[in-house]
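The block underneath contains the structure these notes are about, expressed in structure tokens.
Naming convention: chains lettered A, B, ... in sequence-line order (proteins, then strands); numbering from 1 in each chain.
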Protein chains: 2
Amino acid sequence: MAGGGKKKEVKKETGLGLSFKKDENFGEWYSEVVVHGEMIEYYDISGCYILRPWAMSIWEIMQAFFDAEIKNMKIKNCYFPVFVSSSVLEKEKDHIEGFAPEVAWVTKSGKSDLEIPIAIRPTSETVMYPYFSKWIRGHRDLPLKLNQWCNVVRWEFSNPTPFIRSREFLWQEGHTAFATKAEADEEVLQILELYRRIYEEFLAIPVIKGRKSEMEKFAGGLYTTSVEAFIPNTGRGIQGATSHCLGQNFAKMFEINFENEKGEKGMVWQNSWAYSTRTIGVMVMVHGDDKGLVLPPRIASVQVIVVPVPYKDANTQGIFDACAATVDALSKAGIRAEADFRDNYSPGWKYSHWEMKGVPLRIEIGPKDLANNQVRTVRRDNAAKKDVSRDNLVESVKNILDDVQQSLFDAAKQKRDACVQIVKTWDEFKEALSQRKMILAPWCDEAEVEQDVKERTRGEMGAAKSLCTPFDQPELPEGTKCFASGKTAKKWTYWGRSY
Amino acid sequence: MAGGGKKKEVKKETGLGLSFKKDENFGEWYSEVVVHGEMIEYYDISGCYILRPWAMSIWEIMQAFFDAEIKNMKIKNCYFPVFVSSSVLEKEKDHIEGFAPEVAWVTKSGKSDLEIPIAIRPTSETVMYPYFSKWIRGHRDLPLKLNQWCNVVRWEFSNPTPFIRSREFLWQEGHTAFATKAEADEEVLQILELYRRIYEEFLAIPVIKGRKSEMEKFAGGLYTTSVEAFIPNTGRGIQGATSHCLGQNFAKMFEINFENEKGEKGMVWQNSWAYSTRTIGVMVMVHGDDKGLVLPPRIASVQVIVVPVPYKDANTQGIFDACAATVDALSKAGIRAEADFRDNYSPGWKYSHWEMKGVPLRIEIGPKDLANNQVRTVRRDNAAKKDVSRDNLVESVKNILDDVQQSLFDAAKQKRDACVQIVKTWDEFKEALSQRKMILAPWCDEAEVEQDVKERTRGEMGAAKSLCTPFDQPELPEGTKCFASGKTAKKWTYWGRSY
């Protein structure tokens with residue numbers, strides 16, 4: 001009981017607790033945790049958010065990984081203007097229909113009206129492809145493989161949510177052109193694999209690789225692949241990142257032609273692919289808990305926080321020195337470690353503070369630890385405590401961090417898997433949907449049927465739609481019927497509500 | 001004569017020559033060289049340009065340096081929205097007066113008018129400082145040191161020029177707040193020194209560190225320091241990067257207060273500082289020649305281009321293998337080397353192509369080189385040729401690249417210094433201005449006098465203005481008079497026309 005009392009006291013002292021619980025009021029909990037965790041500050045323009053250093057550092061770590069990987073693939077970075085003229089933007093009809101309602105328009109500079117309104121890029125296909133047409137002449141100009149890191153703007157009105165749905169966001173967008181469909185197809189999957197690695201290896205979030213339905217594919221493209229994550233608390237799927245094969249549709253509109261080895265005219269095959277700061281929001285939603293953020297070690301800018309725990313009469317200087325030496329040893333081994341030496345906060349306040357910020361591992365050093373040549377480690381993910389000898393500190397900490405990374409993934413996968421429900425009939429489907437499941441169902445693959453599913457599930461919570469057709473297909477016995485139409489099923493597809 | 005004929009032939013074959021000469025038609029030469037060098041593509045919106053990979057890679061190399069340096073200074077990256085509401089933008093009067101005519105306004109999304117027009121950031125002081133006010137409470141919240149890498153928009157109408165003056169550009173902007181003026185003053189100079197290093201150590205361009213006049217300082221700030229470069233061909237100074245002390249002016253407008261150790265209320269001291277893609281344009285202007293770009297090795301994404309020179313009957317495979325081995329050896333030593341194995345271009349075409357792109361060093365390997373276990377090196381800056389044994393290839397190439405870097409700086413400094421003219425009277429000043437000099441003159445430091453100089457020098461070429469008051473001041477004998485007003489001079493200041 002004394003312990004409980006002490007805890008409450010600390011919480012009161014810190015003022016750091018969250019007022020909402022993840023399982024009770026997920027939406028409010030999320031808003032609170034991204035703000036209290038110092039990832040986000042709300043901004044005075046609705047749907048825009050400030051990315052604070054704690055969030056930016058995560059973005060930078062993922063960026064360093066992805067940028068190096070695509071450079072290995074000989075993809076080169078460039079930068080195209082944020083502005084696009086309306087005539088170019090509207091060149092591909094399906095594409096612009098998909099984006100038009102969300103485009104922000106600049107119509108004035110200073111006090112003067114512009115002659116023609118200019119759009120802010122919602123994505124850069126139409127910005128870039130007129131120049132692909134200019135740069136590509138012969139087969140030796142191919143493949144052309146470009147990427148840019150930039151901001152894009154989609155002026156959405158529904159449910160702005162930090163990271164997940166914001167009017168401006170940061171992303172990378174890759175745009176590539178090949179002589180053959182086979183090369184384009186291959187790259188689509190190479191990039192998708194990098195996206196899987198970002199989610200699974202960095203963010204510790206299980207995702208499903210698959211292909212989008214015709215209704216859900218990228219406007220104007222040939223086919224869309226994606227990695228799909230799932231948020232158990234809301235029972236919603238979330239598109240994690242997309243790798244599109246655009247086919248030759250844009251090439252036709254923008255006249256991106258080339259002469260092949262035999263002197264024949266050909267049209268290029270194109271891809272575009274992107275992941276955004278949304279990744280960070282998915283990570284917060286999946287791992288966060290009632291004490292705040294929980295960051296996987298690989299993307300945490302501070303992996304280990306060292307907190308001195310001085311006592312009256314104890315060797316305070318010795319404790320501080322041991323903390324500094326610990327940070328030093330870990331830093332030298334490439335572990336991102338910091339000490340919190342602030343003298344105006346109690347150890348208890350610091351524990352709560354760094355728990356709120358999701359630091360994967362805390363190291364406490366008090367008089368007893370000093371005497372025993374050890375440190376106390378406390379994991380953020382499961383609060384497990386372990387005393388570790390200072391003699392093999394680095395190895396022990398590395399092992400614990402690896403274990404935290406793996407445990408977070410395993411726990412997330414277990415939760416996600418528990419939400420997956422296989423259904424075969426409409427009744428089962430409706431029941432599973434009401435239980436907020438990620439539903440795997442046999443489907444006839446007809447667009448009208450998907451449209452029909454949407455209409456029949458419309459309601460307060462939002463309609464269900466197809467999430468993806470997983471590449472990893474369970475066996476589909478001959479004669480299996482579509483859950484929705486009763487026609488012959490062609491494939492297993494994931495369905496559910498989504499962000 | 002045979003050689004001359006051959007050269008012409010190659011030029012004709014390549015189609016790579018520039019049609020304008022740097023000393024004859026600088027403006028056209030510059031436009032041509034940035035396009036033919038594949039740095040820039042002109043865009044269909046005036047004043048916007050596409051940064052191609054050849055330019056982006058330079059930006060990324062400078063970014064890697066600067067980002068690591070500021071992280072060492074405990075400055076953290078963040079990202080604030082590209083949009084700012086008019087009420088916030090207009091909060092600091094002098095500041096908005098400086099930027100208002102160039103602000104681009106978003107007034108529509110999709111087909112709907114926005115309730116209130118929203119500005120696109122021309123710079124982020126007013127975007128950020130309302131949140132500085134929120135985040136800073138006590139002295140322990142200080143210093144607050146943030147930076148962001150982003151795009152900004154200034155809808156200028158005069159002389160759009162790639163890199164130098166564009167409606168959208170990339171930059172970093174640092175924004176910091178301190179408890180004391182002394183700390184702010186110190187950081188201003190630390191950052192300025194990093195800017196000097198970018199110009200002098202990376203871009204091989206000599207710059208002058210100094211302070212801007214009251215007329216030329218940042219709108220709303222306390223004082224502005226800058227690094228100033230000079231373009232001999234146009235006789236214009238160019239502001240290379242600026243490090244501002246904002247004093248407490250923004251703190252007052254945005255109420256950025258804190259409680260100090262004694263419990264007293266204080267106001268923060270602020271800095272902001274930035275460098276942009278303009279740096280790349282200055283580099284092109286200073287080093288480029290009639291054969292194209294000339295890139296300093298430290299910022300060249302390809303430092304060494306290896307070209308096989310096969311002959312009939314020669315051991316072509318042996319030559320190709322030697323080229324590949326050369327690239328391999330150089331790459332392993334950290335030198336950025338590539339081979340051009342394309343079979344549809346002649347060696348002569350390749351020479352011209354990579355000269356146009358400014359690669360610092362070419363390595364040619366032909367039958368004779370193969371036989372002698374050597375390679376031929378050809379410097380881009382001075383065309384000097386040197387045979388180098390393959391036994392100590394890496395060391396030799398490193399030495400040559402170091403020498404190229406230093407030679408470019410020395411040559412640029414010599415040219416710049418030759419343009420500096422010390423004047424003491426108005427007549428000398430006018431004469432020096434007509435000769436397109438960078439003029440160092442004793443000045444009374446009065447704003448009305450600078451205004452007067454501007455008015456008296458107005459004309460086709462543009463008025464003269466003060467560039468900076470260099471920190472490195474020559475002796476100013478007592479009684480020296482201002483060149484323009486005849487009053488007592490207080491300092492030596494650089495004057496001239498500028499970009």
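For the pairing with A:Pro81, the side-chain contact (heavy atoms from CB on, under 4.5 Å) check across B:Ile45, B:Ile50, B:Leu51, B:Asn151 returns one residue only, B:Ile50.
For B:Ile116, no part lies under 4.5 angstrom from a heavy atom of chain A. Contacts between B:Ala104 and chain A at a heavy-atom distance below 4.5 Å involve backbone atoms as well as side-chain atoms. B:Tyr49 touches chain A through its backbone: at least one of N, CA, C or O sits under 4.5 Å from a heavy atom, while the side chain does not. Using a 4.5 Å cut-off between heavy atoms, A:Val84 contacts chain B through both its backbone and its side chain. Looking at B:Asp113, neither its backbone nor its side chain comes within 4.5 Å of chain A, counting heavy atoms on both sides.
Taking A:Lys108, A:Lys76, A:Arg167 one by one and counting their heavy-atom pairs under 4.5 Å with chain B, the maximum is reached by A:Lys108. Per-residue counts of heavy-atom pairs under 4.5 Å with chain A were compared for B:Trp135, B:Trp54, B:Phe83; the largest is that of B:Trp135. For the set A:Val103, A:Val127, A:Asn77, the entry with the most heavy-atom pairs within less than 4.5 Å of chain B is A:Asn77.
Counting heavy atoms from C-beta outward, A:Thr107 and B:Trp105 have side chains that stay 4.5 Å or more apart. Residues B:Trp155 and A:Ser112 form no side-chain contact, since every pair of their non-hydrogen atoms from C-beta on lies 4.5 Å or further apart. For the pair B:Phe157/A:Ser109, a side-chain contact is recorded, criterion being any heavy-atom separation below 4.5 Å from C-beta on.
Atoms CZ and CG, from B:Arg140 and A:Asp343 in turn, are 5.5 Å apart once rounded to the nearest 0.5 Å.
A donor-acceptor pair is defined here as one N or O able to donate and one able to accept, closer than 3.5 Å; such a pair exists between the side chain of A:Glu168 and the backbone of B:Val82.
Residue pairs meeting the salt bridge (Lys or Arg N to Asp or Glu O under 4.0 Å) criterion with at least one member in residues 40-65 of chain B, sequence neighbours excluded, are A:Lys71-B:Glu60, A:Lys134-B:Glu41, B:Glu41-B:Arg52.
With ring centers used as reference points, B:Tyr43 lies under 6.0 Å from A:Tyr131.
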